[in-house]
2 protein chains.
Amino acid sequence: MAAKPESYENIVQTASRLFFHQGYHATGLNQILAESGSPKGSLYYYFPRGKEELALECIRRGNEFIKQKLKETLAENDDPVRAIQEFIRNTAEEADRVSFNGFMPIGFWTAAETSCISESLRHACVNTFTDWQHLYMERLQADGWMEEKARSLAVLIISMLEGALILAVTQQSSEPIYNVVDYIPQLIK
Amino acid sequence: MAAKPESYENIVQTASRLFFHQGYHATGLNQILAESGSPKGSLYYYFPRGKEELALECIRRGNEFIKQKLKETLAENDDPVRAIQEFIRNTAEEADRVSFNGFMPIGFWTAAETSCISESLRHACVNTFTDWQHLYMERLQADGWMEEKARSLAVLIISMLEGALILAVTQQSSEPIYNVVDYIPQLIK
DNA sequence: GTCTATAAGAAGATAGAC
DNA sequence: GTCTATCTTCTTATAGAC
C-alpha cells in the first residue's frame, strides 16, 4: 500500500478526533475541513461516498490503534490481572492528559449512536468490540481460563470500561475509570 | 402543578423516545413533530428556548422514571444482590421487548454525546447518574456496607450497566446485559 | 490531484394569523 | 393557545476550473 498524502492523513486524524469526542452526528464535514485545513474537494476525492465512508476509515484506524496498545500491554505483564489493570489505568491517564477533550483512543459510544442509523457503521463497531474481546480472551486462556469463562470476563471488562468512560466524560473526572481498576482482581480469580 | 395538555405530553414522550434511541444530534425537531403529530408552534410555545430546553425536560423525566423503577425493585427484595440482579434483568428484558428499537428507559449515552456540547445538558446527566448512585448506595448501606465501599460499588454497577447497554445496542443482543447479572454476586460480597 | 463555488436540502428558530 | 409560513444557517454533496 502506497503512503497516503499528507492531506489524507490530516483529514482522517482530525475527523477521528472529532468523531470520537463529539460524536458522529455532532461533527460536520465543514468543521473537519476547517480544523484540518483541507479543502472540501480533497475529502470527496479520497472518500467519494462522503461522511459515512470517512467514518468507516476512522473506526478502522481507531480499532487498529487500540488493538495495538491492548496487545502490547497484555503481553508486557506476566500476571493477566496486572496487565488488564495496566491497560485501564493507561486509559484513565490518557483521559486526564487530554482533559477529556482530545482524541480519546477508547470510547466507541459512536457505536451506540450510529448503530440505529447505518448498518455498515454498526457492523464496523461490532467488529471492533469483537477484536478487543478476542485479545482479552487469548490472554486469559493463556493463563488457564476456560474459553467460555474467558469470553464472559472479556465482555464484562469491555462493558465496565466503556461504561466508566461514559461516566468519566460526563462528570469530567477519571475517577470512574480508576474505580474499574480496583475491581479487576476480584473479578479475575 | 396543573396537568399539561395532551400536545405537551405527545411532544415530550416522542422526543424522549427519539433522543434516547437515536441520540440528541441525530434527532431533528421536524422528526419529533412529525411523529408526535404536533405543529412546530406548539413546541416553541412550551419550550421557548428550543431543542436544548426540550432535551432537558426529557432527561429530567427519564431520570424520574428510572429512579422510580430502581427504587421499587431495590425495595422489593430482601437480598441486595438479588434486587440489583432483578433490576438489570428487567432492563435486558425491556431491551428485548422493544428490539432495541423503542424507548429504552436506561441508556444515557446521550450524556457522553452532549457533554462536550452543552454545559446545562451535561449537568443534567451528572445529576442523573448521581441520583442512581445514591439509590444503590442507600440499599447497600442498609445492608451493612460502609459508605465508601457502597459508593464504589454503586459507581461500578452503573458503569457495567451503561457499558453493557452500548454493547447490546451495537450487537443487537441483550447477552452483554445478562452477562453483567452473572457477575453481581461475585462483586457484592 | 487540488481547490473553489455552489447547489439542494434539512436543521433550528421566528413571526404572525387565527 | 394553536397552527402555518417563512427565515437563516448549516448540512452533505457536486460541478468544474486549474
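Just so it is clear: chains get the letters A, B, ... in the order the sequence lines come, proteins before strands, and each one is counted from 1.
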- Task: Report the end-to-end axis angle of the helix from C/dG1-D/dC18 to C/dC18-D/dG1; each axis comes from five terminal pairs, and the value is rounded to 10°.
- Result: 10°
- Residues in side-chain hydrogen bond (donor to acceptor under 3.5 Å, both in side chains) contact with A/T130, at least two apart in sequence or another chain: none
- Going 5' to 3' on DNA chain D, which nucleotide is the first and which the last to come under 4.0 Å of a heavy atom in chain A? D/dT11 to D/dT14
- Can you tell me which residue pairs pass the salt bridge (charged side-chain N to carboxylate O under 4.0 Å, His left out) test with a partner in residues 172-182 of chain B, sequence neighbours excluded? none
- Contacts of B/N90 that satisfy side chain to side chain contact (heavy atoms under 4.5 Å, CB included) - sequence neighbours left out: B/T73, B/E86, B/E93
- Item | Listed once per pair and sorted, the salt bridge (charged side-chain N to carboxylate O under 4.0 Å, His left out) pairs that draw on residues 25-49 of chain A, sequence neighbours left out | A/R17-A/E35, A/R49-A/E53
- Contacts of type ring pair (Phe, Tyr, Trp, His ring centres under 6.0 Å), residue A/Y24, not counting sequence neighbours: A/F19
- Item | Results of side-chain hydrogen bond (donor to acceptor under 3.5 Å, both in side chains) for B/K149 - residues two or more places apart only | A/Y183
- Sub-4.5 Å side-chain heavy-atom contact between A/R61 and A/F65: no
- Message: Taking side chain to side chain contact (heavy atoms under 4.5 Å, CB included) as the definition, give me every residue that meets it alongside B/Q141, ordered by chain and number, with sequence neighbours left out.
- Response: B/M137, B/E147, B/A150
- Message: Test of understanding: with ring pair (Phe, Tyr, Trp, His ring centres under 6.0 Å), list the residues that count as partners of A/F47, not counting sequence neighbours.
- Response: A/Y8
- Message: Can you pull out every salt bridge (charged side-chain N to carboxylate O under 4.0 Å, His left out) where at least one residue sits in residues 119-130 of chain A? Sequence neighbours excluded, please.
- Response: A/E119-A/R122
- Reading nucleotides 5-13 of chain C 5' to 3', which nucleotides get B (base under 4.0 Å from a protein heavy atom), which S (sugar-phosphate only), which -? ------SBB
